[in-house]
There are 2 protein chains.
Amino acid sequence: MVAELAAGRRPTIIDVAKRAGVSKSLASRALRGDAGVSTSSRDLVLDAAQELGYRPNSAARSLVRGVSGLVGVVLNQLDNQHHTGIVQGVQERAKELNARVIIGNGAQNPEELQRQIDTMIELRVDGLVIVSSWVPRQVLERAGSEVPTVVLTHLADPPAEVDTIASDDVYGAQLAVEHLVQAGHQRIAYLSRSASATSQARIDGVVLALEAAQLPCTIVQVDAGDDINLQELSASGVDAVLCNNDLTAAEVIRLAHEQQVQVPGQLAVIGYDNTALARLLYPSLTSIDQPQVNMGRRAVDAIAERTAGRTEALRELYTPQLVVRSSTAQP
Amino acid sequence: MVAELAAGRRPTIIDVAKRAGVSKSLASRALRGDAGVSTSSRDLVLDAAQELGYRPNSAARSLVRGVSGLVGVVLNQLDNQHHTGIVQGVQERAKELNARVIIGNGAQNPEELQRQIDTMIELRVDGLVIVSSWVPRQVLERAGSEVPTVVLTHLADPPAEVDTIASDDVYGAQLAVEHLVQAGHQRIAYLSRSASATSQARIDGVVLALEAAQLPCTIVQVDAGDDINLQELSASGVDAVLCNNDLTAAEVIRLAHEQQVQVPGQLAVIGYDNTALARLLYPSLTSIDQPQVNMGRRAVDAIAERTAGRTEALRELYTPQLVVRSSTAQP
DNA sequence: TTGTAGGCGTTATCAT
DNA sequence: ATGATAACGCCTACAA
């Protein structure tokens, strides 16, 4: 049993050095595994640290080294599997590069998003990953000018200060629509619960694909609080619907069940993001897959490149893929 | 357009002071809105800061003040709505108390969980919220002795060093089983995909309730990689199943659809956590609700109390509630 | 191999 | 109202 320190006071490297009977610089070297430390004093220091329950103070370390070893991720929805898939990739790659990841949750609130970004920058993260298309351009510009910043969503007009890694939302929507057209659907709707740049890009894709097929186009926007009106949709003859994400598609499928609308028989449904939810639903959900984990990994690399000196903005676009499941009829 | 600083170098309070033509102490006061600063010099400083794009360095601040203003949340699953609901509560209350929240994701990996906890402590968070029952006792003891720590899951034997806020898992499971019994079910199973202390507590509740009802008890444990075998369950006469969470219940409902098992007619299903998923499924899912947001809020209060001097461990237990939906027959 | 000393950016104490 | 100055805990030349 080791004597406890005064409440609130945590042991410092000086305490460790004293207890080990060495100078604080030597303690510092030993603790970090620097070369040029005799085995004996290394053991002395390590033992002392262990006994005292020493923890390096990363504030002090960050201050003197000028880097924090931290990658910050700010996302606007914690319970969105598309976002969390990206975080997984970020964490994987960060670990390989010996960096730590901290996450800030924007809670679907633009103001909170901004607060989180501020917090990260003040924490002096070495890189910032933003998974949201709700961040004002001006905020992105400033963030990007202060720290290597990567935005992982579609941006209508990304500022030069930030890197962007996205998947081709226009093409993804086209893929989905083409799949529906090939299956013989004539009246295809796009149903969105979001008004982001991402959703807008998907609308563009839908329009393109439907024009090419010379088919009518129905765009439905439902605000957060409102209910989806499936009957109205059916009444207007819609026989297939592409949703802005899997969550919205899940809502549609539930409503279809409730209203005895056969999926895909009477109504084909396609989601977006290909999250775990797509496999969980019945009927299982056809969806557009984005390489979330890889995108997250690349984001960390982009930060590393910036740190290494790259100055041009990165504009990376991944190609999404159609994953066919039971919510659409096979052509 | 302001002259840019040398790459990599961020303006400090000294730069601001110089530009404003005042001492750094005065700049510091002005920046923090301290009283005792003349309006004129305050404006001077604030303008200078604005022009330079000054950001306080929280490492330096944290070092000298001894507090970071940070609350750390470590959770072992980012895409678990029960966990994210708690985070929401933490964020709400932290904001009211003027603290910032950073999140660490354990990624379902005990080793990573520990790394995240270490990171938070080294970052000198003022309080630590742990949403996981996978953290070794020893790690909790150490964390709790270094920083006010609150664990938000059921713990078989919580260390004296940490506060715990949980909901009564034994009672919750009892509630669920009693609901099934009242509906006339005779062969009730508990199906779990987790072997945590939380799940064990729910098993205890199931056993208690079934013994009281003098009904047989079936406990099924399915490991992460394995599939749920619904046919086997049906073959053994099970007509109702309580799942360890809503996600597992969703799997059961999908399987039931696939195998033409009527829910709730042939098989009643109850989830746990009452997440958004419960409302999304068809049939909608009866589930056990935990006051996640409130629990998250209370966690921040617990931290504040500790900081204010409380030394006894907090042991708070919330009472869960049954939310009846369509996946169980009305009694 | 080890120790000394200076400084990272900020706050706070003490003068003025 | 304002300004020196000494910490905070750590790292890193530079010396020994």
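Throughout, a chain's letter reflects where its sequence line sits, starting with A, and its residues are numbered from 1.
Atom NZ of A:Lys18 sits in a sparse spot, with 12 or fewer heavy atoms from other residues, nucleotides or ligands closer than 6.0 Å.
Contact annotation: A:Ser38 reaches the phosphate of C:dT2 (side-chain N/O to OP1 or OP2, under 4.0 Å). In terms of phosphate contacts, A:Arg61 brings no side-chain nitrogen or oxygen within less than 4.0 Å of OP1 or OP2 of D:dG9. Between C:dT11 and B:Ser28, a contact under 4.0 Å exists linking OP1 or OP2 to a side-chain N or O.
Under 3.5 Å, the side chains of B:Ser28 and B:Arg32 contain a donor-acceptor pair of N or O atoms. One side chain, B:Thr119 or A:Arg100, offers a donor N or O that lies under 3.5 Å from an acceptor on the other.
Note on residues 147-161 of chain A: pairs passing side-chain hydrogen bond (donor to acceptor under 3.5 Å, both in side chains), not counting sequence neighbours, are A:Arg137-A:Asp157.
As a whole-Å value, the separation of A:Asp34 CG from C:dG3 P is 15 Å. Between B:Leu31 atom CG and C:dA12 atom C1' the separation is 15 Å, expressed in whole Å.
In this structure, A:Leu26 and B:Leu26 both approach DNA chain D, and ranking their closest nucleotides by distance from the 5' end singles out B:Leu26. Each of B:Ser25 and B:Ala59 has a nearest nucleotide on DNA chain C; the 5'-most of these lies closest to B:Ala59.
In this structure a side-chain-to-backbone donor-acceptor pair under 3.5 Å is missing from A:Gln114 to A:Val139. Formation of a donor-acceptor pair under 3.5 Å by the B:Asp126 side chain with backbone atoms of B:Ser68 is found in this model.
The pair B:Glu112-A:Lys95 counts as a salt bridge, with a side-chain nitrogen and a carboxylate oxygen less than 4.0 angstrom apart. At a threshold of 4.0 Å, the pair B:Arg19-B:Asp47 does not count as salt-bridged, since none of the basic side-chain nitrogens sits closer than that to a carboxylate oxygen. Note on A:Arg10 versus A:Asp15: no salt bridge recorded, every NZ/NE/NH1/NH2 to OD/OE distance being 4.0 Å or above.
Within the model, atoms CG of A:Leu31 and CZ of A:Arg42 stand 11.0 Å from one another, a figure rounded to the nearest 0.5 Å. The CD1 atom of A:Ile130 sits 8.5 Å away from the CG atom of A:Leu113 when rounded to the nearest 0.5 Å.
In this structure, B:Arg55 reaches the sugar-phosphate backbone alone: every heavy-atom distance under 4.0 Å involves primed, P, OP1 or OP2 atoms, never a base.
Helix bend of the helix from C:dT1-D:dA16 to C:dT16-D:dA1: the angle between its two end axes, each built from five pairs, comes to 40° after rounding to 10°.
Of all the residues in residues 40-48 of chain A, not one reaches under 4.0 Å from DNA chain D with any non-hydrogen atom.
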Cut-off 3.5 Å, no hydrogens considered: what does the side-chain donor-acceptor table look like for residues 295-306 of chain A, sequence neighbours left out?
{"residue": "A:Arg297", "atom": "NH1", "partner": "A:Glu92", "partner atom": "OE1", "Å": "2.7"}
{"residue": "A:Arg297", "atom": "NH1", "partner": "A:Glu96", "partner atom": "OE2", "Å": "3.4"}
{"residue": "A:Arg297", "atom": "NH2", "partner": "A:Glu96", "partner atom": "OE1", "Å": "2.8"}
{"residue": "A:Arg297", "atom": "NH2", "partner": "A:Glu96", "partner atom": "OE2", "Å": "2.9"}
{"residue": "A:Arg298", "atom": "NE", "partner": "A:Glu316", "partner atom": "OE1", "Å": "3.4"}
{"residue": "A:Arg298", "atom": "NE", "partner": "A:Glu316", "partner atom": "OE2", "Å": "2.9"}
{"residue": "A:Arg298", "atom": "NH1", "partner": "A:Glu305", "partner atom": "OE2", "Å": "3.4"}
{"residue": "A:Arg298", "atom": "NH2", "partner": "A:Glu316", "partner atom": "OE1", "Å": "2.9"}
{"residue": "A:Asp301", "atom": "OD1", "partner": "A:Arg93", "partner atom": "NE", "Å": "2.8"}
{"residue": "A:Asp301", "atom": "OD1", "partner": "A:Arg93", "partner atom": "NH2", "Å": "3.1"}
{"residue": "A:Asp301", "atom": "OD2", "partner": "A:Arg93", "partner atom": "NE", "Å": "3.3"}
{"residue": "A:Glu305", "atom": "OE1", "partner": "A:Arg310", "partner atom": "NE", "Å": "3.0"}
{"residue": "A:Glu305", "atom": "OE1", "partner": "A:Arg310", "partner atom": "NH2", "Å": "3.3"}
{"residue": "A:Arg306", "atom": "NE", "partner": "A:Asp163", "partner atom": "OD1", "Å": "3.2"}
{"residue": "A:Arg306", "atom": "NE", "partner": "A:Asp163", "partner atom": "OD2", "Å": "3.3"}
{"residue": "A:Arg306", "atom": "NH1", "partner": "A:Thr311", "partner atom": "O", "Å": "3.1"}
{"residue": "A:Arg306", "atom": "NH2", "partner": "A:Asp163", "partner atom": "OD1", "Å": "2.8"}

For nucleotides 14-16 of chain D, which of its nitrogen or oxygen atoms have a protein nitrogen or oxygen under 3.5 Å away, and what is each distance?
none

So which protein N/O to nucleotides 6-8 of chain D N/O distances come out below 3.5 Å?
{"residue": "D:dC8", "atom": "O2", "partner": "B:Val64", "partner atom": "N", "Å": "3.4"}

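The shortest heavy-atom contact between A:Ser196 and A:Trp134 is CB-NE1, 4.1 Å.
Among D:dG3, C:dT2, D:dG9, the nucleotide with an atom closest to any side-chain atom of A:Val37 is C:dT2.
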